[in-house]
S.K.: 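Sending over a structure as structure tokens; questions will come in a sec.
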Amino acid sequence: MSSALRGALSGAKAKGQLRIETWPALTLDAPKRPEWGDLATTVAMALAASEQRAPYDIAQIIIDNLPARDQLFERVEIVRPGFLNLTVKPSVWVEVLRDIEQQAERYGRTDLGAGQRILIEYVSANPTGPLHVGHGRGAAVGQALARMLKAVGYDVVSEYYINDAGRQMKLLGASVYARYRELAGQPATMPEDGYLGAYIRAIAERIAASEGAALAALPPEQAEARCRDFAYRELLALIRADLQALGIEFESWFSEASLLSSGAVEQACADLRSRDLLFDEDGAQWFRSSKFGDEKDRVVRKQDGEFTYLASDIAYHRDKLQRGYDLLIDVWGSDHHGYIPRMQAVMQAYGSPKERLRVVLVQLVKLLRGGEEVKMSKRAGEFITMRDVVDEVGSDVAKFYFLMRDAKTHLEFDLDLAKQHSADNPVYYVQYAHARIASLWRVAATRGIACPAAAETDLAVLTDPDELGLIRKLSAYPEVLQASATGFEPHRMTYYLQQLAALLHTFYNKHRILPAAGEPESGSPAETLTPGRTAARLVLMRGVQQVLKNGLTVLGMSAPDQM
RNA sequence: GCGCCCGUAGCUCAGUUGGAUAGAGCGUCGGGCUUCGAACCCGCAGGUCGCAGGUUCAAUUCCUGCCGGGCGCACCA
């Protein structure tokens, strides 16, 4: 369709009817009202200024130059200022169903990304405790983005950065050791800012059971280190298990500690120093990030000789660049947004445009129960973890809720609502649409009716507005996928799926697909159901089912045949 | 104080990257299963798109300034 439009414009240009010095964006949108046709474009109005002609005249010129107009369009009209409304012939729409059948699970996929390599990093929580709900949202968003970008032709790797070095890990070890000493009846002091969650005590109990004697013999410093390593292994395993429960996978796990032990951090610093991007002041070492738009320079090595977390992040992102990625995506909690300028400075310091790093910010999740906000106190270690939520509502529901809203806005997550297997739950609404169609095949099979191949079916009988509405929606899927992926906005896909499901439910409720069992049609049916119509509708249903499944899959959710 | 994000129906949120009469779910009220799954559908009501300017054929959308809310401004991560 858009190529027809482009053809019309270039045809008009060739004939000298339009100048078209700069090509306008050829937007071809589905209008809001059915009487405005299937597709509408505003190019005539966009061109009015540069052509110095009335938009209406320009629209007329475009119409006159439309190639294959009679084959493609049923109706073409110009409305008031210069809207160009196109009504596509049903016989053309129907081709979408053949595409879907032919491409099946590949329908909607494109090679837009042309194989460009993307590294997307998400979650990356400290292995100092269980994942909280905010991590869950980041995980769902990160995975959905990774899958969608793959679907539109990028070569994507998803990675988890393990913050297994530095102060937080020391605190972890000290916290576990303190609990261990308490259990042993020895005097213990919990460090300031120590971890107070109940899981710390549980870890202390396990280490006491497995190597208590050895621990008692060690001087405190070594004992703490041992506790730290033990707790680290347990907590990393816990995090992996939590992610698995949510149905999130990573292709790569990257250790911060490995950057320190391999000397990569020192090398990254030396590299910066050789180009005068790192300097000494007040006994510390500073990254000259202000040279690249950051508001001030940043410490990478403290007076006490320890590297800051920024030093690790510099080395980490340098490593990502050295691995040859065209684009780096970091998914962060939005409270880290102030960190973006310095990381973009890092990009530039290593010779990349700052746009090579794109940060996707994810806002907080507010949990509700019984209409009340669930208060969390991280200090006291009292909070509902991501795992609690997954265990309570299920992984598909959790993911759908996490993806339902624009990631950069606060999300309200009503646990009571999410738990209901009812009309109020948008997840089931979408999945139910899929299951309903699956059920149709089961019924059809018992009546000896098979779903015919689209190529052998006369789809031109699909002329009902409800049928064409569904088909139009199906045809929009590839664009939604592309916009959702490249705009880093997975919520658009969840929204689309809800709309498609709504159309399906409406259609399903209003029209019959299979003939009634047993007796022939009795009473006064609103429409006659011929075998040909049944066949065409079965093909339509299969298309809807396929697209629902593709959409759910690309968001990381299941498309059940039964509920 | 400076910076980033958010203000759209009673509530939670969409709004296709400047288009036509601003949409959906929940909630309220009223209807619909002897026929393919009622975890569904249909209808009614509900709006100065935070406020005020500006840009143009056209602004919920872009710019500026206010108001309100969130977050950030470490030799913590």
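Sequence lines set the chain letters: A, B, ... in the order given, protein chains first and strands last, and positions in each chain run from 1.
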S.K.: With sugar-phosphate meaning primed atoms plus P, OP1 and OP2, does A:Ala40 contact a base, only sugar-phosphate, or nothing at under 4.0 Å between heavy atoms?
M.R.: base
S.K.: Between the base of B:rG19 and the ring of A:Phe83 - centre-to-centre under 5.5 Å, planes within under 30° - is that a stack?
M.R.: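 Check failed, A:Phe83 does not stack on base of B:rG19.
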S.K.: Taking B:rG32 as the reference, what is the distance to B:rC11 when you measure between their P atoms (whole Å, please)?
M.R.: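 It works out to 32 Å between them.
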S.K.: Does B:rG15 have its OP1 or OP2 closer than 4.0 Å to a side-chain nitrogen or oxygen of A:His491?
M.R.: yes
S.K.: At 4.0 Å (heavy atoms only), tell me whether A:His410 reaches a base, stays on the sugar-phosphate, or touches nothing.
M.R.: sugar-phosphate
S.K.: Need the pair for B:rC51. Rule: Watson-Crick or G-U wobble, both distances under 3.5 Å, any strand; none if unpaired.
M.R.: B:rG65
S.K.: Quickly work out the A:His337 NE2 to B:rC71 P distance and round it to whole Å.
M.R.: 11 Å
S.K.: Where the side chain of A:Tyr432 is defined as all heavy atoms beyond and including C-beta, which of B:rC76, B:rC40, B:rU16 is the nearest nucleotide?
M.R.: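 Per side-chain heavy atoms of A:Tyr432, the pick is B:rC40.
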S.K.: Nearest whole angstrom, please: distance from the P of B:rC6 to the CG of A:Leu361.
M.R.: 10 Å
S.K.: Looking only at side-chain atoms of A:Thr409, point me to the closest of B:rA20, B:rC76, B:rA14.
M.R.: B:rA14
S.K.: Among B:rC36, B:rA20, B:rC75, which is the nearest nucleotide to the side chain of A:Ile513?
M.R.: B:rC36
S.K.: Which of parallel (below 30°), tilted (30 to 60°) and perpendicular (above 60°) describes A:Phe254 and A:Tyr161?
M.R.: tilted
S.K.: Please determine whether a side-chain nitrogen of the Lys or Arg among A:Asp280 and A:Arg273 lies less than 4.0 Å from a carboxylate oxygen of the Asp or Glu.
M.R.: yes
S.K.: Need to verify one output field. Residue with the more 5' nearest nucleotide on RNA chain B, A:Arg342 or A:Leu411?
M.R.: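 Checking each residue's closest nucleotide, the 5'-ward one belongs to A:Leu411.
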S.K.: For A:Asn163 and for A:Gln498, find the nucleotide of RNA chain B with the closest heavy atom, then tell me which residue's nucleotide is more 5'.
M.R.: A:Gln498
S.K.: Output yes when at least one side-chain N/O atom of A:Ser439 is less than 4.0 Å from OP1 or OP2 of B:rG37, else no.
M.R.: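 Checking A:Ser439 against B:rG37: at least one side-chain N or O falls below 4.0 Å of OP1 or OP2.
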S.K.: Taking atom C1' of B:rC76 as reference, at what distance in whole Å does atom NE2 of A:His336 sit?
M.R.: 10 Å
S.K.: Could you measure between the two C1' atoms, the one in B:rG46 and the one in B:rC36, and give it in whole Å?
M.R.: 36 Å
S.K.: Looking at B:rC11, which nucleotide sits across from it as a Watson-Crick or G-U wobble partner, both distances under 3.5 angstrom, or is there none?
M.R.: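 Paired with B:rC11, as far as the under-3.5 Å criterion goes, is B:rG25.
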S.K.: Counting heavy atoms from C-beta on, name the nucleotide in B:rG70, B:rA14, B:rU35 closest to the side chain of A:Arg512.
M.R.: B:rU35
S.K.: Would you indicate which nucleotide in B:rG3, B:rC76, B:rG32 comes nearest to any side-chain atom of A:Arg167?
M.R.: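 The closest nucleotide is B:rC76.
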S.K.: Quick one: does A:Leu538's side chain get under 4.5 Å of A:Thr457's, heavy atoms only?
M.R.: no
S.K.: Go through B:rU12, B:rG32, B:rG19 for me and flag the one nearest to the A:Glu412 side chain.
M.R.: B:rU12
S.K.: How close do A:Arg228 and A:Leu172 get, counting heavy atoms only, and between which atoms?
M.R.: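 Closest approach of A:Arg228 to A:Leu172, heavy atoms only: O-CD2, 4.4 Å.
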S.K.: Please tell me which of the listed nucleotides, B:rC71, B:rC75, B:rC41, lies nearest to the side chain of A:Thr506?
M.R.: B:rC41
S.K.: Figure out the NE2/C1' separation between A:His434 and B:rC40, and round it to whole Å.
M.R.: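 Result: 17 Å.
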S.K.: Quick check on B:rC33: syn or anti? Syn means the glycosidic torsion is within 90 degrees of zero.
M.R.: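 Chi for B:rC33 falls in the syn range.
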S.K.: Nearest whole angstrom, please: distance from the P of B:rA38 to the CE of A:Met563.
M.R.: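 Distance check: A:Met563 CE to B:rA38 P gives 13 Å.
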S.K.: Taking the side chain as every heavy atom from C-beta outward, state whether A:Gln60 and A:Ile78 have any atom pair closer than 4.5 Å.
M.R.: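 They are in side-chain contact.
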S.K.: If the glycosidic angle sits within 90 degrees of zero it is syn, else anti. Tell me which applies to B:rU21.
M.R.: anti
S.K.: Expressed in whole Å, how much space separates the P atoms belonging to B:rU61 and B:rC51?
M.R.: 11 Å
S.K.: In whole Å, what is the span from the CD atom of A:Gln499 to the P atom of B:rG25?
M.R.: 10 Å
S.K.: It should be established whether A:Tyr339 places a side-chain nitrogen or oxygen under 4.0 Å from OP1 or OP2 of nucleotide B:rA74.
M.R.: no
S.K.: Please give, in whole Å, the distance from B:rC6 P to A:Lys366 NZ?
M.R.: 18 Å
S.K.: According to a cutoff of under 5.5 Å between the ring centres and under 30° between the ring planes, does A:Tyr495 stack with the base of B:rA14?
M.R.: no
S.K.: Could you tell me whether the side chain of A:Thr534 and the main chain of A:Ile513 form a donor-acceptor pair under 3.5 Å?
M.R.: yes
S.K.: Looking at every strand, decide which applies to A:Asp313 at a 4.0 Å heavy-atom threshold: base, sugar-phosphate, or nothing.
M.R.: nothing
S.K.: With a 4.5 Å cut-off on side-chain heavy atoms, are A:Tyr316 and A:Leu259 touching?
M.R.: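 In short, these two side chains touch, coming nearer than 4.5 Å.
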S.K.: If B:rC2 has a Watson-Crick or G-U wobble mate with both distances under 3.5 Å, name it; if not, just say none.
M.R.: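 Partner of B:rC2: B:rG72.
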S.K.: Which nucleotide sits closest to the side chain of A:Arg33: B:rU16, B:rU21, B:rC76?
M.R.: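 Of the candidates, B:rU21 comes closest.
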S.K.: On a whole-Å scale, what distance lies between the P atoms belonging to B:rU21 and B:rA14?
M.R.: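 24 Å, rounded to whole Å.
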S.K.: Hey, could you give me the CZ/CG distance between A:Arg342 and A:Leu310, rounded to the nearest 0.5 Å?
M.R.: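 That separation rounds to 6.5 Å.
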S.K.: Which part of the nucleic acid, if any, lies within reach of A:Ala483 when heavy atoms closer than 4.0 Å are counted: base, sugar-phosphate only, or nothing?
M.R.: nothing
S.K.: Sticking with atom C1', work out how far B:rG53 lies from B:rA59, rounded to a whole angstrom.
M.R.: 13 Å
S.K.: How far, in whole Å, is B:rG7 from B:rC2 if one measures between their P atoms?
M.R.: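 That atom pair is separated by 23 Å.
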S.K.: Among B:rG15, B:rG70, B:rU12, which nucleotide sits nearest the side chain of A:Arg492?
M.R.: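 Among the listed nucleotides, the one closest to the side chain of A:Arg492 is B:rG15.
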S.K.: Please classify the nucleic acid contact of A:Asp406 as base, sugar-phosphate, or nothing, using heavy-atom distances under 4.0 Å.
M.R.: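 Sugar-phosphate, backbone atoms only, no base.
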S.K.: Establish, with yes or no, whether the OP1 or OP2 oxygen of B:rC5 is under 4.0 angstrom from a side-chain nitrogen or oxygen of A:Lys408.
M.R.: no
S.K.: Checking all strands, does A:Arg442 fall into the base, sugar-phosphate, or nothing category for heavy-atom contacts under 4.0 angstrom?
M.R.: base
S.K.: Expressed in whole Å, how much space separates the C1' atoms belonging to B:rG15 and B:rG30?
M.R.: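 Approximately 30 Å lies between the C1' atom of B:rG15 and that of B:rG30.
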S.K.: Side chains of A:Asn163 and A:Gln168: any donor to acceptor distance under 3.5 Å?
M.R.: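 Note: A:Gln168 and A:Asn163 side chains miss the donor-acceptor criterion.
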S.K.: Of the options B:rG70, B:rU12, B:rC36, whose atoms approach the side-chain atoms of A:Leu440 most closely?
M.R.: B:rC36
S.K.: For the P atoms, the ones on B:rG47 and on B:rA9, what distance do you get once it is rounded to whole angstrom?
M.R.: 10 Å
